[in-house]
Amino acid sequence: MIRTRFAPSPTGFLHVGGLRTALYNYLFAKSHNGRFILRIEDTDQSRKVPGAVENLIETLKWANVTPDEGPEFGGDLGPYIQSQRLEIYRQHIQSLIEKGHAYYCFCSTDRLDALRKQQIAEHRQPRYDNRCRTLSDSDIRKRLANNEPHVVRMKTPETGTIEIHDLIRGNVPFPAEQLDDQVLMKSDGYPTYHLANVVDDHLMQISHVIRGEEWLPSTPKHQLLYKYFGWDSPQFAHLSLLLNPDKSKLSKRQGDVAVEDYRKKGYLPEALINFLALLGWNPGTDQEIFSMEELIHEFSLERVGRSGAIFNVEKLAWMNGHYIRTLSPEKLFQLSSGFLPDRSGWSDSQTISVLTAIQEGLTKFSELPDKTRLFFTEKLNYDIPDIQEYLAKPEAVTILESLVSQMEIVQDFNGDSFVAAIKTVQKTTGIKGKPLWMTIRAALTGETHGPEIHVITNILSQETCACRLQLALDYARRQTSRN
RNA sequence: GGCGCCAUCGUCUAGUGGUUAGGACAUCACGCUUUCAAUGUGGUAACCGGAGUUCAAUUCUCCGUGGCGCUACCA
């Protein structure tokens, strides 16, 4: 049974890199009929953020990367929140101490800091000097009885090489003397990542650990821990990191990193997932668009790349536009709620025709207020250079006077009859082509681009159009008389 | 500094001991469209450097360079 897990710390919003890690775990598990587990690694009390767990779960659900087990998802191997498993860790640390693979350390943080500073000053490798390894049993008992603050460290080998096998990177050797006597239990009684992670992955029967590359250097320590416990270690696969456009590690400051940010801007989960899947993985074919089902079917760790990938928002935007174009009118309307500006006086079905009219040019829902303004606005603004280029001309007065009078006699107002009216204007005024059409577009919408005129006038009422044209005519007259 | 990972168009990537080095985004041109977009067609654009192995290296090996990660009682 393949079992994978996503094990975030609840320190804030879910990061897009985190979502990619979760996704790869999910896809790998699902493609092998396995299970995907969510575990919350909240062993650092100082970094805990209230509400982060709920937000994490909510975001995973939104993205459709839904755990089979985890807090709120059930499962037989819980609890799935590490702060609720302290007793389990305590017992395991005790067994390690008894077997001689771990030891109490009473060194103060002051001493540790001083030690590190000195080592750096002497250009030596900063690491613990193993001082408490050799404490006598009676000494330890006495200091424990005195309630002296202490941690528990693991005993690492002094020499030799520890080689780990990574599914993506192959065999990676690490010289043992590089390994620090890592702290396993902190003085507050909480385990560190290294201990809790190994214990939980074993107890939760995780078969494959798929995580970020930042964990590669500590994997030999984890491997050692499995050996000390007498357990088989899971398989490892370390994913490359997501990068900023300047190739530094993806971070706030250079753009949005929280999944939440993209959701708020109106990116669809399908697009974000499709995009993230292709950042470091490819199917070996030319296919670019994948549904979650297709991803599950196609995904394999063998085709995951080794180098870091820049998070290219432009491609995500293209992909999002692609998914938006496939939306049915009803779905489009449903998803646009929360992004629409005030549209009092507009029914849902009228709103749907507005949305359909601008659908093909939409790349994300946050553009909605801008792109729908020409329909919903109460008052058009002609006082911008692009518009004045057309309306502040004597020609505009001629065109609009003619069109306004046409409006009074037009029958069955709609896109077609309005276009017919424009043709009449063309005949009577002799003005044609871009000057004619753009002037009318400017008058009608206050913008120089948008959907086709007949599409717009199919939606806008005759009254609205007549009113806007009259307003534009007045404006054109004022502008030209002034000059 | 030490240890480790990585290296093909601007970006995501495919690929090979002999290829016109392929696709997608972006970009440019043209078509369609009396606007924009969408769409169609075409174009520009890459094997980090140096040795070695080989008849032949972008591909294999080593070195260098660069980028990144780790080097906490954070994960």
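Residue numbering restarts at 1 for every chain, and letters A, B, ... go by the order of the sequence lines.
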Once rounded to the nearest 0.5 Å, what's the spacing between atom OG1 of A/Thr192 and atom CD of A/Gln182? 5.5 Å
Quick one: is A/Trp437 getting a side-chain N or O under 4.0 Å of the B/U34 phosphate, OP1 or OP2? no
Go through B/A37, B/C73, B/A72 for me and flag the one nearest to the A/Glu360 side chain. B/A37
Look at the side-chain N and O atoms of A/Lys186 and state whether any lies under 4.0 Å from the OP1 or OP2 oxygen of B/C74. yes
From C-beta outward on A/Arg169, which listed nucleotide comes closest to its side chain: B/C68, B/C6, B/A75? B/C6
From CH2 of A/Trp215 across to P of B/C5 the rounded distance in Å is 19 Å
The side chain of A/Val151 is closest to which nucleotide in this list: B/G4, B/C73, B/C25? B/C73
Give a yes/no on whether any side-chain N or O of A/Arg116 is located under 4.0 angstrom from OP1 or OP2 of B/A72. yes
In whole angstrom, give the distance that lies between atom NZ of A/Lys371 and atom C1' of B/A37. 7 Å
Mind checking the C1' distance from B/U13 to B/C6? Whole angstroms is fine. 15 Å
Any idea which of B/C12, B/C5, B/A72 is nearest the A/Lys315 side chain? B/C12
Nucleotide nearest A/Leu112 (side chain, heavy atoms from C-beta), chosen from B/G69, B/C73, B/C5: B/C73
Any Lys/Arg nitrogen of A/Glu298 or A/Arg303 sitting under 4.0 Å from an Asp/Glu carboxylate oxygen of the other? no
Counting only side-chain heavy atoms from C-beta out, which of B/C73, B/C3, B/U35 sits nearest to A/Glu452? B/U35
Does A/Thr43 put a side-chain nitrogen or oxygen below 4.0 Å from OP1 or OP2 of B/A75? yes
Do A/Asp256 and A/Lys265 sit within salt-bridge range, that is, some charged N less than 4.0 Å from a carboxylate O? yes
Taking the six-membered ring of A/Tyr24, is NZ or CZ of A/Arg20 closer than 6.0 Å to its centre and within 45° of its axis? yes
Any N or O donor-acceptor pair under 3.5 Å from the base of B/C73 to the side chain of A/Ser187? yes
Nearest-nucleotide pick for A/Pro217, side chain only, options being B/G69, B/G2, B/A7: B/G69
Is the shortest distance from a Lys or Arg side-chain nitrogen in A/Asp129 or A/Arg111 to a carboxylate oxygen in the other one below 4.0 Å? yes
Is A/Arg47 near enough to B/C73 that one of its side-chain N or O atoms lies under 4.0 angstrom from OP1 or OP2? no
Would you mind reading off the distance between A/Ile399 atom CD1 and B/U34 atom P, rounded to a whole angstrom? 17 Å
Could you check whether the side chain of A/Gln287 and the base of B/G23 have a donor-acceptor pair of N or O atoms closer than 3.5 Å, going by distance alone? no
In whole angstrom, what separates A/Leu242's CG from B/C6's C1'? 15 Å
By ring pair (Phe, Tyr, Trp, His ring centres under 6.0 Å), which residues pair with A/Tyr390, not counting sequence neighbours? none
What is the distance, to the nearest angstrom, from the CG atom on A/Leu279 to the C1' atom on B/C6? 15 Å
What nucleotide, of B/C68, B/G15, B/C73, holds the atom closest to the side chain of A/Thr109? B/C73
Is the phosphate of B/U13 approached by A/Asn282 (side-chain N or O, under 4.0 Å from OP1 or OP2)? no
Side-chain N or O of A/Arg325 less than 4.0 angstrom from OP1 or OP2 on B/U39? yes
